[in-house]
Structures are given as C-alpha cells and as structure tokens.
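Below: one structure, written as structure tokens.
Only heavy atoms go into these numbers, but all of them, side chains included; no hydrogens, no water, no symmetry mates.
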Amino acid sequence: MSALNTEKHPIAVLVILTLFAIVGPVSIDIFSPSLPAITDYFGSDSATTQWSVGIFMLGFSLSMLIVGPLADRLGRKKTLMLGYTLYLIATAATLLTDNIYLFIAARFAQALFGCFGTAIARILARDYFQDKMEVRMLSYISACLIVAPMLAPIIGGFIQEYAGWQYNFLAMGAMAVIAMLGLLFIPEKHQVSKSTGSPILSGYKEVLTDWRYLRFTIAAGTAFSGAFVFVAGGPFVMISQLGLAPKLYGFLFAAAIAGYLFSASFGPKLNDLLGREKSTLLAWTTLAAGALISFATAWWSNGSSILGYMAGIVVFELGLGLFMPLCQARATEHMSKNVGTAAGLIFFIEMLLATLVSGLVGSLPEMGTLTLASVTLVATLAAGLSLRKSSRNEVQASAQTA
C-alpha cells in the first residue's frame, strides 16, 4: 500500500498523527469512572487500585525519556509499531488477569509503550512539514491532547454505567489497532541513525544539581500533584463514598479540564502584560484560592460537599493552566545547554511526584472530599514555598526575562 503524500493530504495526515498522540492520554482518563468497579472486581481496596493511576503516570514519564532515542535509532514507524504491539499485549493482560498487582503492572506497560505516539506524533509533524504548516500541525495536535482527556472520562462514565469496566479497556485496544492501521498510510522520512553511542544520560547530573531549575520544577510538580489528587482519588470519594453516578463524575472531570484549557489559552497574553514573575505570583494565588475553597467547603460539610469541592477544583485548574507553563519556562530560562534534557526531566519529575501523591491519598483516612482537599492544599503550599527563596543571581535572571 502506497503512503499518503503529506503535502497533498495534510488533513488526513493530521488525523492519523492526532490518533497516535491521544492513545496514551485517553488511556489515563477513560477508565477513571471505572476505578470503584475495578476495586470490587479484584476484591481489592481503593488504596491499592489507585496505584493503577499513579503507576500509569510514572510509565508515561519514563516513556518520554526513552522514545526519542528509540525513534532515532529504529525509525518512527518501527518504534510506533513496536510500542502499539506491546501496548495491546498489556491491554490484554489487564482483561485476562484476576490479580490486582498484575493488573497494575499491566497498566504500567500500557503507559510505557502506548504513550510512544504522544511524542512521535510531534516528531513526525516536524519530519513532514516546515515553517507555518509545521506550527499549525503542532498546534492542532496540542489542542487535541487537551480536549481528548476532557472527553475521555465522559465516554468512560457512560461505558462503565451501561457496559462495564472491561469495555473501557476494549476501547483502548481498538484505538491502538486503528493507530497501527494508520501506520500503513504514512511515509517514513527519517534516516535511521547508525550511531552506537549512548548520549541519553549526558547532562542529567548537571541539570539535577541546578537549584534554580529544581525549584521551579518542584513547584510545577507539587502543583500538578495537587490536581492529580482529584484524578486518582476523586472516583472513590465521589462514586463509592458519596454515591455519584459514574457518568456524572465524567462531566465534573471535564469541567475541571475545561478550567485548565481556558486559562492556558490566555496565559501568553497575561505573560506579555505582567511579565513572568508577576504572572507566576498571580497563578499561584489562583491555585491557593481554589485549594482554600475546596478545603473550606469540605471542612464545613464534613467532606460531603461535591459542588463546593468541585468549584474549588475548577478555580485551582484555572490557576494551574497559568502556573505550569510559567514554571516550566522559568526552570530553563537561564540555561544555555542541556535544555532538551532539562525539558524531558521536568515532565518526568512532575509525573513522579504525582505518582507518589496518588499513592499517599489511598493510605489516608476516608473523610470524603476533605481528604482530597487537604492534600491539594498542602501541595499548593509546597509549590509556594518552592518559589519563595531566590538567590541574587536568580532575581537578576528573572528581571532580565520578565
């Protein structure tokens, strides 16, 4: 079968690249409304099942560290075919096992291999297009990476309510099969590297000993963890403890993502108006306001308020949409080398912190939304403390880039 001409059929190519990009992210969120049902199926507890969310994020982050070198060594299409094949095997394992720990391990493998497409879709856009068309394609793919996780829990909620949790995993497998078919229609334009060297770890030590980099990375990671508490613990609290219907939880999840999407859309204009330092302070203040709203309503209702808690989470996500990109930019703004390594590590550290926090939530007492809101508030305070102290050189660097 002949491959598409990327210049003559850019829309078809965009559809295929977008499918590659969203398989991994959709796999995170589509099964979220099914977490209580999965817990019951395996006869487990919420603390253990929650690791299936956190471990997926860890696998996602590790995937981002290894997929680039693999794509350069093996080629884009071979790397994707390998990834989706192993992803399908992992998906089958989630459906066939009767052991919760094997299920969690399979989720890790799903993330590690299924998320290859998230990075390679962008690499292929650069291989196929140039200048304005490349930017346009990357913008469309980035937009879909935000919208798809917003829709996934809504779809997953309906699938859970009317079919069962297994069908959410069958939907994941179907997406991977369609993505593999899509590989037949695109060309391989990358010349495979013959190098046998291993530069993957070069620069990591220098980056990880840069305190300014770590400060902003930890701030972004702890703030993201404050939001991830809702992703990992929300289904158990709202569906299992408070009796919310899975399909309604999906809509609440989408509202939170919409808050992030809305603020991220005008973040660059705010940065131009206020500068990075003031914008960061405003973003953190918004985070704190959202965390306080969630905590206060949870405290006054003894953990039974869903609407009050969600109002705070939406405000928190509004702040997060501003805060995350700013911290990511400020973490590397002073660097003249190892920028690529640093950028990859930011995502890895964010996912690692989210994984640890999601595990912590499962071990805390069941106090309804008060448990979730308390962790989010602590994470917000930690993010603020990470930003607080600046050396003289850091202040000067901020002034130069503001």
Side-chain angles (χ1 to χ4, degrees), residues 28-29 31-40 44-54 57 149-150 153-154 156-157 160-161 222-260 286-321 323 353-384:
I28 301 171
D29 298 320
F31 96 123
S32 183
S34 297
L35 282 170
I38 291 170
T39 302
D40 293 340
S44 183
D45 56 81
S46 61
T48 302
T49 309
Q50 278 176 348
W51 278 105
S52 65
V53 180
M57 301 305 291
M150 183 170 66
I154 298 176
Q160 169 58 39
E161 189 149 332
T222 50
F224 178 71
S225 298
F228 196 69
V229 168
F230 167 63
V231 177
F236 293 103
V237 170
M238 296 185 185
I239 298 173
S240 296
Q241 296 179 29
L242 301 180
L244 187 72
K247 61 183 179 182
L248 294 180
Y249 171 79
F251 283 105
L252 293 179
F253 190 100
I257 298 298
Y260 183 97
T286 308
L287 289 176
L292 286 171
I293 291 170
S294 288
F295 181 81
T297 56
W299 179 271
W300 288 329
S301 66
N302 292 320
S304 63
S305 172
I306 293 178
L307 290 179
Y309 170 76
M310 284 306 306
I313 287 298
V314 171
V315 174
F316 186 90
E317 291 283 353
L318 285 169
L320 194 68
F323 191 75
L353 289 173
T355 301
L356 296 175
V357 169
S358 67
L360 170 65
V361 172
S363 64
L364 294 176
E366 293 185 1
M367 298 185 295
T369 55
L370 184 58
T371 301
L372 305 179
S374 298
V375 177
T376 299
L377 183 60
V378 171
T380 304
L381 293 174

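- Separating the OH atom in Y309 from the CZ atom in F230 is a distance of 6.0 Å, to the nearest 0.5 Å.
- Inter-residue side-chain proximity for F316 and T286 is flagged as unmet; no heavy-atom pair is nearer than 4.5 Å.
- Side-chain polar atoms of T48 and D45 form a donor-acceptor pair below 3.5 angstrom.
- F224 has its side chain out of reach of L353: every pair of non-hydrogen atoms, C-beta onward, lies at least 4.5 Å apart.
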Please set out all donor-acceptor pairs under 3.5 angstrom arising from side-chain atoms of residues 237-253, sequence neighbours excluded.
residue : atom : partner : partner atom : Å
Q241    : OE1  : G368    : N            : 3.2
K247    : NZ   : Y162    : OH           : 3.2

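- Of the possible donor and acceptor atoms, none in the side chain of S294 sits under 3.5 Å from a partner among the backbone N and O of A291.
- The minimum heavy-atom distance linking S304 with T369 is given by the pair N-OG1, 4.1 Å.
- Checked against side chain to side chain contact (heavy atoms under 4.5 Å, CB included), A288 has the following partners two or more places apart in sequence or in another chain: W284, T380.
- Residues satisfying the side chain to side chain contact (heavy atoms under 4.5 Å, CB included) criterion with M367, sequence neighbours excluded, are P365, L370, T371.
- In this view, W300 and A296 satisfy the side chain to side chain contact (heavy atoms under 4.5 Å, CB included) rule, not counting sequence neighbours.
- Looking at residues two or more places apart in sequence or on another chain, you find a side chain to side chain contact (heavy atoms under 4.5 Å, CB included) between E317 and A227, A256, Y260, I313, L320.
- Scanning both residues, A37 and Q160, for their nearest heavy atoms gives CB-NE2, 3.3 Å.
- Between F236 and L35 there is a side-chain heavy-atom pair separated by less than 4.5 Å.
- Rounding to the nearest 0.5 Å places OG1 of T376 at 11.0 Å from CG of L381.
- Annotation: side chain of S52 is in contact with side chain of F31 (closest heavy-atom distance under 4.5 Å).
- In terms of heavy atoms, P235 sits closest to P36 at O-CG, 3.6 Å.
- Judged purely by atom type and a 3.5 angstrom limit, S305 has no side-chain atom pairing as donor or acceptor with the backbone of S301.
- Summarising the geometry, atom CG belonging to D40 is positioned 8.5 Å from atom OG1 belonging to T49; distances are rounded to the nearest 0.5 Å.
- The two residues A223 and L287 make their nearest non-hydrogen contact at CB-CD1, 4.0 Å.
- Legend: residues meeting side chain to side chain donor-acceptor pair (under 3.5 Å) with S374, ordered by chain and number and at least two apart, are absent.
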